[in-house]
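For the numbers below, each heavy atom of this structure counts, side chains included, while hydrogens, waters and symmetry mates do not.
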Amino acid sequence: MSTTAATTTRVATLADLAALEGTSLGTSSWIDIPQQRIDTFADATDDHQWIHVDPERARAESPFGGPIAHGYLTLSLIIPMWDEILTVDSVTMAVNYGLNKVRFTSPVPAEGRVRLSATLQSVEQLPKGGVQVTVAGQIELEGSERPAVVVEAVYRFFE
């Protein structure tokens, strides 16, 4: 799955996150996107559009020159990549709270590789405990100057 180790930010407690606002949290390792993963995602989501699941037709007719990953497949990989980027030792529960912005800026070809780089934009205390963090991320596509996805994600952490 990976040939490049992740760069991870590790802090002891949620209180330590505030000092990291505006800084890069790191970069995940690369994740491979083989055709099998695309086909499995198509089965899970019932999205069998030929640009994803028919390699021969995609090579012959697609403007992308071959099959591409679903945008939402690429976006969903933010979960394992995010787990590599930030560790807060005291956290007992973390939840994905949502996305403020998502743009699919470059198609990911089958057999491509992606990784996440992220910057901590803000840390807010929640009224009943925990913090909400907003993260600016780019899912980079190996060999491309343009990211595959630009995302602003919101997570909630609890101790």
For this session: Run the salt-bridge test on Arg113 and Glu142 with the 4.0 Å N-O cut-off and return the result as yes or no.
Result: yes

Group every Ile, Leu, Val, Met, Phe, Trp and Tyr by side-chain heavy-atom contacts under 4.5 Å, then state whether [X] and [Y] land in the same group.
{"X": "Ile139", "Y": "Val150", "result": "no"}
{"X": "Leu120", "Y": "Val154", "result": "no"}
{"X": "Val123", "Y": "Val91", "result": "yes"}
{"X": "Phe64", "Y": "Val149", "result": "no"}
{"X": "Tyr97", "Y": "Leu126", "result": "no"}

[X] to [Y] - nearest heavy-atom pair and separation:
{"X": "Pro80", "Y": "Ser76", "value": "CD-O, 3.9 Å"}
{"X": "Arg115", "Y": "Ser29", "value": "CB-O, 3.5 Å"}
{"X": "Arg59", "Y": "Pro67", "value": "NH1-CD, 4.3 Å"}
{"X": "Arg57", "Y": "Trp50", "value": "NH1-CD1, 3.2 Å"}
{"X": "Ser144", "Y": "Ser106", "value": "OG-OG, 4.2 Å"}
{"X": "Ala148", "Y": "Val108", "value": "CB-CG2, 3.5 Å"}

Problem set entry | side-chain contact (heavy atoms from CB on, under 4.5 Å) between Ile31 and Met81, worked out | CA-CA 8 Å; Ile31 292 181; Met81 294 186 289; 3.4 Å; yes

Check for a donor-acceptor pair, side chain of [X] on one end and backbone N or O of [Y] on the other, with a separation under 3.5 Å.
{"X": "Gln35", "Y": "Asp54", "result": "no"}
{"X": "Thr9", "Y": "Leu25", "result": "yes"}
{"X": "Arg146", "Y": "Thr105", "result": "yes"}

Problem set entry | Any side-chain heavy-atom pair of Val95 and Tyr155 under 4.5 Å | no

Exercise. Does any non-hydrogen side-chain atom of Trp82 lie less than 4.5 Å from one of Leu116?
Worked result: yes

Nearest 0.5 angstrom please: [X] [atom1] to [Y] [atom2], how far?
{"X": "Ser62", "Y": "Glu56", "atom1": "OG", "atom2": "CD", "value": "14.0 Å"}
{"X": "Asp47", "Y": "Phe41", "atom1": "CG", "atom2": "CZ", "value": "7.5 Å"}
{"X": "Leu77", "Y": "Asp32", "atom1": "CG", "atom2": "CG", "value": "10.5 Å"}
{"X": "Asp89", "Y": "Thr13", "atom1": "CG", "atom2": "OG1", "value": "9.0 Å"}
{"X": "Ser28", "Y": "Leu86", "atom1": "OG", "atom2": "CG", "value": "13.0 Å"}
{"X": "Ile85", "Y": "Thr119", "atom1": "CD1", "atom2": "OG1", "value": "9.0 Å"}

For this session: Carefully, step by step, assess Glu84 and Thr8 under the rule side chain to side chain donor-acceptor pair (under 3.5 Å).
Result: CA-CA 6 Å; Glu84 289 188 355; Thr8 303; over 6 Å; no

Exercise. Hey, mind stepping through Glu159 and Ser90 against side chain to side chain donor-acceptor pair (under 3.5 Å) and telling me if it holds?
Worked result: CA-CA 6 Å; Glu159 294 175 315; Ser90 64; 2.4 Å; yes

Exercise. Would His48 and Asp43 count as having a side-chain donor-acceptor pair, cut-off 3.5 Å?
Worked result: yes

Exercise. Do Thr134 and Glu152 have side-chain N/O donor and acceptor atoms under 3.5 Å apart?
Worked result: no

Exercise. Do you know which of Thr74, Leu73, Ile68 makes side chain to side chain contact (heavy atoms under 4.5 Å, CB included) with His70?
Worked result: Leu73

Exercise. Are Lys101 and Val151 close enough, and set up right, to give a side-chain contact (heavy atoms from CB on, under 4.5 Å), and what steps lead you there?
Worked result: CA-CA 5 Å; Lys101 176 184 174 183; Val151 60; over 6 Å; no

Exercise. Yes or no on side-chain contact (heavy atoms from CB on, under 4.5 Å) for Leu99 and Leu75, after CA distance, side-chain angles and deciding distance?
Worked result: CA-CA 11 Å; Leu99 303 168; Leu75 178 62; 3.8 Å; yes

Exercise. Does atom CZ of Phe158 have more than 12 heavy-atom neighbours, drawn from other residues, nucleotides or ligands, at distances under 6.0 Å?
Worked result: yes

For this session: Show the numbers, then the answer: is there a side-chain contact (heavy atoms from CB on, under 4.5 Å) between Val133 and Leu17?
Result: CA-CA 9 Å; Val133 299; Leu17 288 174; 4.0 Å; yes

